[in-house]
Structure formats: structure tokens, C-alpha cells
2 protein chains.
Amino acid sequence: MIRDAERTRRRLLEAATAEFAELGIAGARVNRIAEVAGCNKAMLYAYYGSKDQLFDAVFTTHVGDFLDRVRFDAADLPGYAGRLFDYFEANPAAQRLAVWYRLERPTSSRLDAVVEVNRVRLDELARAQSDGLLPAHYTPAALLALVQSISTAWSSMNPEYDLVAPPDVERRRAAVVDAVRRLTA
Amino acid sequence: MIRDAERTRRRLLEAATAEFAELGIAGARVNRIAEVAGCNKAMLYAYYGSKDQLFDAVFTTHVGDFLDRVRFDAADLPGYAGRLFDYFEANPAAQRLAVWYRLERPTSSRLDAVVEVNRVRLDELARAQSDGLLPAHYTPAALLALVQSISTAWSSMNPEYDLVAPPDVERRRAAVVDAVRRLTA
DNA sequence: ACCTTCTAACCGACTGGTTGGTTATTTCCA
DNA sequence: TGGAAATAACCAACCAGTCGGTTAGAAGGT
């Protein structure tokens, strides 16, 4: 096997993504991550420092990927909701990572990038409202929370839900887009 | 200290609720639970069998409490959304437990009580629709998911959100109720 | 083309401490 | 006095993290 530091780094990150998405920080096992990545555990510590820092590397990578791929448009919130729905439908691991992050890293220093994105989006929503592109019966903060939660409505349902209401992705997507359209009509 | 099996059981359940709500199943420590409950770890195993079974006891207890306290009304979904919002605002631990359950117990046997409640509510929504008490542009399954996610919109936001949009409980509650009203108008 | 030197990449084996879970024994009340 | 309640002490397995040492392969001189 030829030596390739970048490849080893990447394989560790991929293995860690799968492990953390499935089991969270407390449930993840560094031995398993190294084993799946096909390298020694010591490399994990050489490249990422600690289990927690490895999680942070995984998470910030996925935040970046999310911001690159899902365009925000304050003037077309139903469209944004649809893209959000599609992204999490295609990347269930990304959503699980976000939830683990919320549950298991409450006191950690917040990600400046996320704070900044929130701020920019609230500004865009306020501008769209004053430009008349968006009704003003909700505050920008409320709009952001509502759109985000509606877009992820089904993936945050209890696991028993699917037994009673079998999944129908297209119908769900339509309901999400339509709900946001009604709220911004 | 007088001996009281029921009291010990209860204190263990209370300590376990706090521990599991904060740290999840994998992060919880049985030693700490026993210590906080003020009793020996062996009592935990005598009464609840294992760490996982203790979590199940905690969770089913909270599901029962939730169903007792938050009345469902298919003909008044905005009212239900308000009560849901209030409940989780007053019991943040309950919501965290529900999220841990979803993340950490994916393959476990589903709770029959929850499956049954889902079924009953979908039936009630369908009946309210055919009785003309509720518009029919969303399926009962969509309504359930939308109302549930809107009611918990703020508590499922990323932790960075509050830095940019400082909490205002009354305003948030009003937005939740209003959003559900708009969707069911 | 060949040998030497140097370094980053890599690994097996280990450690101190912690984990969920058990058992032998004692304490207390009906 | 018998049985339930409670405990201290214990255990094997596992955990995150470390360390001394090995090796592939690039660099550089001749």
C-alpha cells in the first residue's frame, strides 16, 4: 500500500462521518473508526487530535457542504424549503449529525460560520419584507424557524409514525412546499 | 433512613430522567444515576434490569405523562399546537428524551402505545375533514407532521440561532398558533 | 545509475482509568 | 424469624489516548 497522507485523512473523515451519524459522540468508538478507515488509531490522533475534535472536523465539513449546495432565497421561501427537503432526503447522515451536535455539544463554542449565516439570512428576510417581496406578518426570526422546521418535519417525527403513515416522498415534498407557500402568501 | 421500595424506585426514575435527558443513553452513567438517587447501583439493577430497560421505563413514563396532559383536538389544531408548545416549553427534558429515543433506539421494538395514538389521531383528523371541521388540502398524515414540527420549531433550531434571535416566548407561541391557523384556514 | 541520508507516514502494543453489571453479606421491618 | 431492602466490594471488558519503534520513498551527492 502506497503512503498517502491526504487519502488517510479523507478515509478517517469518511469513517468518522458514518460512525458519528449513527451513534453520536458518546456512542462512537475511535477503534471502530480507525478500523473502518483501514488505518491505525494513532493516525486518527495525529491528524485530528481527539475524538471531540474529530467530530468537529466532520461537522464543520458537512456544514460547509450544506451551505455550498443549498442556496437560500428570501424572496422564494417555498423554493428554499423544497431544496432543504431534498438535501436532507438525500443526506440523512447530515441531519443526524446536526441533531447530535445540538444535543451533545451544548456548551461548546458556537460555530462562527453558522452564527454569521443566521445573521445574513435574517437581514435578507427583513430586506425582502421591506421590498414587498415577502409579507410581514411574521418576524424574520419566526420565518426562519418555521421554514426550517417545516422542511424537516417528517425526519423529526417519532419512529412509530412511519408504521401508520407509510412514506411517500413526493407527496411529502409537495406538502412542505405548499405549507411554506401558505405561510408566505 | 426508613426503607421504602417505592420511594427508591421513584428516586431512581427521577435521577435517570435527568441523566438521560442531558446525556442520552450512551452518555449516561449508571453510577451517577444511583449516586444522585441516593442509593446503591445494585438497586437500579434489581428494579429496572439494565441501563436500556431503565431508559425505556423513563421514556414510557414521560410518554404517558405527555398523553395525559396534552389533549388532542382535531377540530382545533391551533389550540393543540399552543398546548404542545407550552408543554415542551415547561418540560424541556421531555423533548430531549424524545430526540434521544429517536436517535439511539432506531431498531428497538416500537412502543405500541405511540403507534396506537398515531393511528387514533389520524382517524380523528380524517373524520374532522369529512365533517367539514377541517379543510382537506392536506392529508391527515401531513397535518400531523406539520403541526408537530411547527409546535417544536424553535426547540429544534441550531444552538447558534438564539444568539442572533433572542428568545421571546410569548411571540414564539403566537407565531406557532398563527402558523397552524393559516395552514388549516 | 547507485548508494546514503532524512523524514513523514505508519503501526503494534500498551496504559491508567472507567464501564455496565454481579455477588456475598448485612440491615431492617412485619 | 423470615424475607425483602439495601450495601460494599468486586469483576471482566472496554475505553480514549500514548509511545517506542518501523518503513516507504523523496532528496541529494557522486
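The model shown is predicted, which means the values in this text are computed figures rather than measured ones. Letters A, B, ... mirror the listed sequences (proteins, then strands); counts begin at 1. Values below: all heavy atoms of this structure, side chains included; hydrogens, waters and symmetry mates excluded.
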Between N or O atoms, less than 3.5 Å apart, protein on one side and nucleotides 11-15 of chain D on the other: list the pairs.
{"from": "dC15(D)", "atom 1": "OP1", "to": "Arg29(A)", "atom 2": "NE", "distance (Å)": "2.7"}

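Between Ile33(A) atom CD1 and dG17(D) atom P there is a gap of 11 Å when expressed in whole angstrom units. Protein atom CD of Glu35(B) is 17 Å distant from nucleotide atom C1' of dA6(D), rounded to whole Å. The CG-C1' distance, from Leu44(A) to dA16(D), rounds to 10 Å in whole Å. Separating the CG atom of Leu12(B) from the C1' atom of dT7(D) is a distance of 14 Å, rounded to the nearest angstrom.
Using a 4.0 Å cut-off between charged nitrogen and carboxylate oxygen, Asp4(B) and Arg7(B) do not count as a salt-bridge pair. A salt bridge is absent between Arg29(A) and Glu19(A); no separation between the charged side-chain nitrogens and carboxylate oxygens falls under 4.0 Å. In summary, Asp178(A) and Arg182(A) engage in a salt bridge, as defined by a charged side-chain N under 4.0 Å from a carboxylate O. Electrostatic pairing of Arg119(A) and Glu116(A) counts as a salt bridge here, judged by a charged N lying under 4.0 Å from a carboxylate O. In this structure, Asp162(B) pairs ionically with Arg172(B), as a charged nitrogen and a carboxylate oxygen lie closer than 4.0 Å. Ionic pairing of Asp52(A) and Arg105(A) is present here: one or more N-O contacts between side-chain nitrogen and carboxylate oxygen are shorter than 4.0 angstrom.
Note: Tyr87(A) and Phe66(A) have perpendicular aromatic rings, judged against thresholds of 30 and 60 degrees for the angle between ring planes. Aromatic ring orientation, Phe20(A) versus Phe55(A): perpendicular (interplanar angle above 60°, classes split at 30° and 60°).
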Generate the contact string for nucleotides 3-11 of chain C. Rules: B means base contact, S means sugar-phosphate contact only, - means no protein heavy atom under 4.0 Å. -----BBBB
